[in-house]
Amino acid sequence: MALPAGQSLVPGGPAATARVPASVLTATFVRLKLSLLRNGLRQSAGRSAAFIGGLVAAVVFGALGLLGLLALRGSEHAATVSLVTVALIVLTWAFVPLFVGGSDETLDPGRLVMLPLRPRALVIAQLTSSLVGVGPLFTLLLVLGAGLATARGTSGTVAAVLAVPLVVLVCTTLSRALAAANARLLSSRRGRDLAVFSGLVVAFGIQGINMLMSRLGGENGMAPLETVAGVVRWLPPVSALEAVRAAGEGSWPAAVAGLAATAAALWLLLWWWQRALDRLMTARDASTLMASPAARPGGDRGPASLFPPNRTGTVMLRSLRYAWRDPKTKMSWATALGMGLLLPVVFAVQGNTSVYHACWAAGLLGLLMYNQFGQDYSGFWLVLQTIGTSRDAYAELRARALALALVAVPYTVTVVGVSAAVLGDWGSLPDALGLALALLGTLAGLGALASARFPYSIPENDAMKNVAPGQGVVAWAGLFGGMLAGALLCGPVIALTVWLNATGSGWVWTVLPLGAGYGLLVTWAGLRLAARMSAARLPEILTAVSRG
């Protein structure tokens with residue numbers, strides 16, 4: 001892989017200041033990519049088998065997708081299926097660098113910052129080398145099938161010849177541009193935290209696809225796909241495929257517009273990528289710079305300054321920082337917030353429309369109050385030093401509950417209000433919100449009790465486990481026992497709501513203040529009991545949460 005004489009990629013080399021031709025740099029990068037792949041396969045038989053298996057799977061499934069799309073050629077739904085397929089491919093390429101970009105060492109731009117390379121030549125070289133791999137091959141097969149399935153006549157085929165490489169180039173450029181723009185993030189702790197969210201995003205995506213597929217056929221027919229295709233058909237690079245359809249129908253202005261939009265998107269992405277590389281290779285990395293002592297005069301600024309300067313404010317701020325910085329705590333919050341908003345939508349799509357489904361948001365957020373001490377990991381012994389009496393324990397647990405309520409109460413009100421607005425059922429808003437607040441308060445109080453009675457350790461170094469070995473029974477007992485007790489404790493509010501609605505009483509609105517007050521009462525009682533229990537069981541709690 002030697003460069004021609006007089007040229008060097010090493011800083012300070014014979015021609016460190018000479019401009020390396022783009023063609024030479026591109027050929028070097030392609031050979032480098034192939035060499036890295038070849039050398040990686042030589043490391044172990046398992047890695048070789050994994051790569052070969054991935055390659056075979058990409059070829060087989062890509063070929064099946066190509067044949068399946070070609071089978072639709074001439075069908076009235078061919079264009080719709082092709083447009084949606086390409087849209088999903090682009091979406092996948094957009095998310096890949098966020099989840100696995102930090103592990104792609106073959107094209108990491110951060111490794112090239114010390115080389116005397118021009119950003120423009122580097123973009124061309126990296127774009128070409130990024131087309132070498134299993135992912136681009138699989139994408140090419142599917143996009144080729146989509147283009148040929150949509151094409152009609154000679155004009156459509158000519159448009160497909162232009163559209164297919166444009167789509168593949170936009171996908172790879174989008175992926176590389178995002179990776180370059182977030183290169184320092186993806187190689188940092190926060191970037192690794194993003195991998196934790198990949199499962200959540202995949203779960204949401206699968207649920208969305210499941211909802212879409214469940215509506216296909218029957219009375220709906222292809223209407224859901226037609227709706228999606230109607231939205232994305234003029235968004236680059238899907239617009240290139242729309243240009244193929246338009247060219248086949250003789251609508252040349254629309255065909256030219258679609259291809260031009262995709263070409264413009266490709267140019268903008270290349271420009272953004274070049275700017276990101278230029279910034280990456282010339283700007284200082286802020287993560288390596290020490291913060292100036294004068295940068296924060298007078299203590300905390302921003303939202304942190306809004307918390308009271310006492311134990312309550314300190315504990316609330318610490319809890320919210322855990323939710324933002326700790327990967328597992330962040331995952332729990334993201335799951336509760338996301339699923340609390342998604343489940344009412346899922347029920348509505350399935351035809352089960354009700355404002356009361358918004359109570360899922362309150363229930364999932366209330367479960368975050370469970371195992372509060374275990375969420376401190378090994379740092380709980382520091383918290384232990386500040387708890388000497390039940391009064392101290394009450395102040396600690398109350399502040400944690402307030403931190404939860406600071407997010408959970410406005411979020412619950414928003415979800416219930418949006419559900420009522422979307423369904424047009426404003427009459428059910430007061431009692432649904434009262435039920436949700438009662439459930440949230442009940443689970444918060446029971447969560448404090450479960451934290452004191454059933455604490456367990458969360459492994460710090462194992463991203464796939466949330467319970468230390470041997471403590472699974474304790475964790476499930478606290479969680480399911482709390483959920484069952486929560487359902488029983490919410491019984492009076494549920495019974496009142498059912499009775500008022502069944503009798504057609506005009507006093508249904510009273511469920512809102514009564515439910516909110518009931519939730520506060522149960523929370524207060526749970527915190528009081530949990531404080532006494534925590535103060536009496538501190539050694540046992542420390543032992544339980546330190547086992548991981």
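Values below: all heavy atoms of this structure, side chains included; hydrogens, waters and symmetry mates excluded. Residues take their numbers from the sequence shown, with the count starting at 1.
- Between A535 and L538, the closest heavy-atom pair is O-CG, 4.0 Å.
- Here CG of L266 is found 10.5 Å from CG of L174. Values are rounded to the nearest 0.5 Å.
- In this structure, CG in L364 is found 9.0 Å from OH in Y411, a value given to the nearest 0.5 Å.
- Expressed to the nearest 0.5 Å, how far CG of L367 lies from CG of L446 amounts to 10.5 Å.
- Across all non-hydrogen atoms, the minimal contact from P236 to A261 is CG-O, 3.6 Å.
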side-chain contact (heavy atoms from CB on, under 4.5 Å) between L368 and L365, worked out: CA-CA 5 Å; L368 297 178; L365 287 170; 3.9 Å; yes
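- In this structure the side chain of L496 never reaches within 4.5 angstrom of the side chain of Y518, judged on heavy atoms.
- Under the 4.5 Å side-chain criterion, counting only non-hydrogen atoms from C-beta, V415 is in contact with S419.
- When only modelled atom types and interatomic distance are considered, T386 and R311 share a side-chain donor-acceptor pair under 3.5 Å.
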side-chain contact (heavy atoms from CB on, under 4.5 Å), that's the test. Do T312 and L402 meet it? Break it down for me. CA-CA 9 Å; T312 299; L402 287 174; 3.9 Å; yes
Dump the intermediate steps for side-chain contact (heavy atoms from CB on, under 4.5 Å) on D425 and L429, then the final yes or no. CA-CA 7 Å; D425 188 7; L429 175 61; over 6 Å; no
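- Of all the heavy atoms in G363 and L443, the pair that sits closest is O-CD1, 3.3 Å.
- Proximity of L397 to S534: side-chain heavy atoms (C-beta onward) are separated by under 4.5 Å at one or more points.
- Side-chain contact between R537 and P455: present, with at least one pair of heavy atoms (C-beta onward) separated by less than 4.5 Å.
- Shown are L488, L489, T523, V493; of these, the side-chain contact (heavy atoms from CB on, under 4.5 Å) with T442 is made only by L489.
- Minimum interatomic distance between L320 and A403 (heavy atoms only, all atoms of both residues): CD2-O, 3.8 Å.
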Step-by-step side-chain contact (heavy atoms from CB on, under 4.5 Å) determination, W524 to L520: CA-CA 6 Å; W524 174 81; L520 283 174; over 6 Å; no
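- Interatomic distance, L404 CG to Q372 CD, rounded to the nearest 0.5 Å: 7.5 Å.
- Rounding to the nearest 0.5 Å places CZ of F373 at 5.0 Å from CD1 of I541.
- In this structure, CG on L437 lies 6.5 Å from OG1 on T412, to the nearest 0.5 angstrom.
- No side-chain donor-acceptor contact under 3.5 Å links D431 to the backbone of G434.
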